[in-house]
Amino acid sequence: MNTEGASMEIKKAMAYDLIDIIETAPDKEHYTPEEIKALIKAYIAGTAK
């Protein structure tokens, strides 16, 4: 796989992981933009659950 293809796969995997994190939070039905930004930052830092 070339570098561009690998980069696209990584982006897709990150998006899937973030969707999974959001969908599995039973106490959250809606997220504010600030909460989404915090979630993405936590994911990048490796602290998102």
Side-chain angles (χ1 to χ4, degrees):
M1 182 180 302
N2 63 23
T3 304
E4 187 175 321
S7 178
M8 183 58 79
E9 288 298 313
I10 291 168
K11 290 174 186 176
K12 288 179 182 181
M14 182 188 76
Y16 179 82
D17 287 345
L18 290 169
I19 289 169
D20 192 47
I21 290 167
I22 290 168
E23 288 182 340
T24 58
D27 57 332
K28 290 294 288 183
E29 198 168 311
H30 301 285
Y31 287 85
T32 66
E34 290 76 23
E35 290 172 320
I36 292 172
K37 288 178 203 174
L39 180 62
I40 292 169
K41 288 178 182 180
Y43 177 87
I44 291 168
T47 59
K49 297 178 187 178

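- The CD1 atom of Ile22 sits 13.5 Å away from the CD atom of Glu29 when rounded to the nearest 0.5 Å.
- Heavy-atom contacts from other residues, nucleotides or ligands closer than 6.0 Å to NZ of Lys41 number 12 or fewer.
- Proximity of a side-chain donor or acceptor of Thr24 to a complementary backbone N or O of Asp20 within less than 3.5 Å is detected.
- Asp17 contributes atom CG, which lies 12.5 Å from atom CD1 of Ile40 (distance to the nearest 0.5 angstrom).
- Closest heavy-atom contact between Ala25 and Tyr31: CB-OH, 3.3 Å.
- Separating the NZ atom in Lys28 from the CG atom in Leu39 is a distance of 10.5 Å, to the nearest 0.5 Å.
- Considering only heavy atoms from C-beta on, Met8 comes within 4.5 Å of Lys12 through its side chain.
- With hydrogens and angles disregarded, a donor-acceptor distance shorter than 3.5 Å links the side chain of Glu35 to the backbone of Thr32.
- Distance CD1/Ile19 to CD/Glu23: 6.5 Å, rounded to 0.5 Å.
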